[in-house]
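Side chains included, hydrogens not; waters and symmetry mates left out as well; all remaining heavy atoms used. The model shown is predicted, which means the values in this text are computed figures rather than measured ones.
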Amino acid sequence: MSSRKDPRFPLFVSLDEKEVLIAGAGNIAVRRAGILLPFGCRIRMCSPENEQDLKEPLRGWILEGKIRYESGRFEAGMLTGEEFLVFAATDDKSVNEEIVHRCREKGILVNNASDASMCDFFFPSIVQEDEIVIGITGDGSDHRRVKQIRKRIQDMLKGERRPK
C-alpha cells in the first residue's frame with residue numbers, strides 16, 4: 001500500500017449475513033461491534049479474555065446470541081476464508097500486523113485499528129437517522145475533526161422535521 005494519503009472512496013455495501021471477525025475485546029473492538037450490529041452481519045470476536053470477564057455491553061451481546069465469542073489469542077486457523085471483513089483491534093501491535101498479513105494472503109479485507117497505513121478500508125464514523133446512513137472519514141490523521149463533523153450532522157438531522 002502506498003504511504004501517500006489518497007482519499008478513500010466511500011462505498012456502501014450490504015453486510016446482511018456477511019461474516020465479520022473482530023480480534024480483540026477492548027474499547028475499540030466493542031465500539032466497532034456495536035456499530036456493526038444493526039447492519040445484519042454475523043459477528044465473531046476472539047480475545048484471550050474469558051467470556052465471564054468481559055465488560056458490558058459485549059457480555060450481554062454474547063449472552064443474547066448477537067455475537068459469537070472465541071476465548072483465545074488470534075491464530076491463523078481462526079480465518080476460515082468466509083470472512084467478508086476482519087478488524088485487527090487487539091492491544092498488541094505484532095498480533096494486529098499478523099492478522100493483516102494473514103488476511104491479505106487470503107484476500108480478506110482488513111482494518112488495523114492501530115495503524116491506518118495497514119488498512120484496506122477505514123471504518124467510518126456513522127450517523128444513522130431512520131433510513132439515512134451517513135459515513136464520515138478522513139485520512140486517519142484527525143479523528144477529532146471527523147467526530148466534530150459527525151456531531152454537527154447528527155444535530156442537523158435531529159433538528160430537521162420529517163414531512164408528514
Would a 4.5 Å heavy-atom cut-off, applied to side chains only, mark [X] and [Y] as touching?
X	Y	result
Asn96	Asp115	no
Asp92	Phe74	no
Lys66	Ile43	no
Met45	Tyr69	yes
Arg152	Met156	no
Leu85	Asp120	no

Rounded distance (nearest 0.5 Å) linking atom [atom1] of [X] with atom [atom2] of [Y]:
X	Y	atom1	atom2	result
Leu79	Ile108	CG	CD1	5.0 Å
Ser117	Asn112	OG	CG	7.5 Å
Ile22	Ile99	CD1	CD1	11.5 Å
Ile126	Gln154	CD1	CD	10.5 Å
Arg59	Ile67	CZ	CD1	13.5 Å
Ile153	Ile134	CD1	CD1	5.0 Å

- Query: Side chains of Glu97 and His101: donor-acceptor distance under 3.5 Å anywhere?
  - Reply: no
request  = May I ask you to decide if Glu83's main-chain N or O and Arg44's side chain share a donor-acceptor pair within less than 3.5 Å?
outcome  = no
Handout entry: Any donor-acceptor pair under 3.5 Å from Glu56 side chain to Gly60 backbone
Key = yes
_Basic-acidic side-chain contact under 4.0 Å: Arg42, Glu17_ = yes
Indicate if [X] and [Y] have the same hydrophobic cluster label, given that clusters are the connected sets of ILVMFWY residues with side-chain heavy-atom separations under 4.5 angstrom.
X	Y	result
Met118	Phe122	no
Phe39	Phe87	yes
Val146	Ile28	no
Leu63	Leu37	no

- More than 12 heavy atoms of other residues, nucleotides or ligands under 6.0 Å from CD of Gln128: is that the case? yes
| Is Asp53 atom CG crowded by more than 12 heavy atoms from other residues, nucleotides or ligands, each under 6.0 Å away? | yes
Search all heavy atoms of [X] against all heavy atoms of [Y] and return the closest pair with its distance.
X	Y	answer
Met78	Gly72	CE-O, 4.0 Å
Glu98	Ala76	OE2-N, 4.4 Å
Ala29	Ala89	CB-CB, 4.0 Å
Ser125	Arg150	OG-CD, 2.9 Å

- Validation row, ring centre Phe121 to ring centre Phe9 under 6.0 Å: no
Between Val86 and the options Val20, Leu21, Leu109, the side-chain contact (heavy atoms from CB on, under 4.5 Å) test singles out Leu21
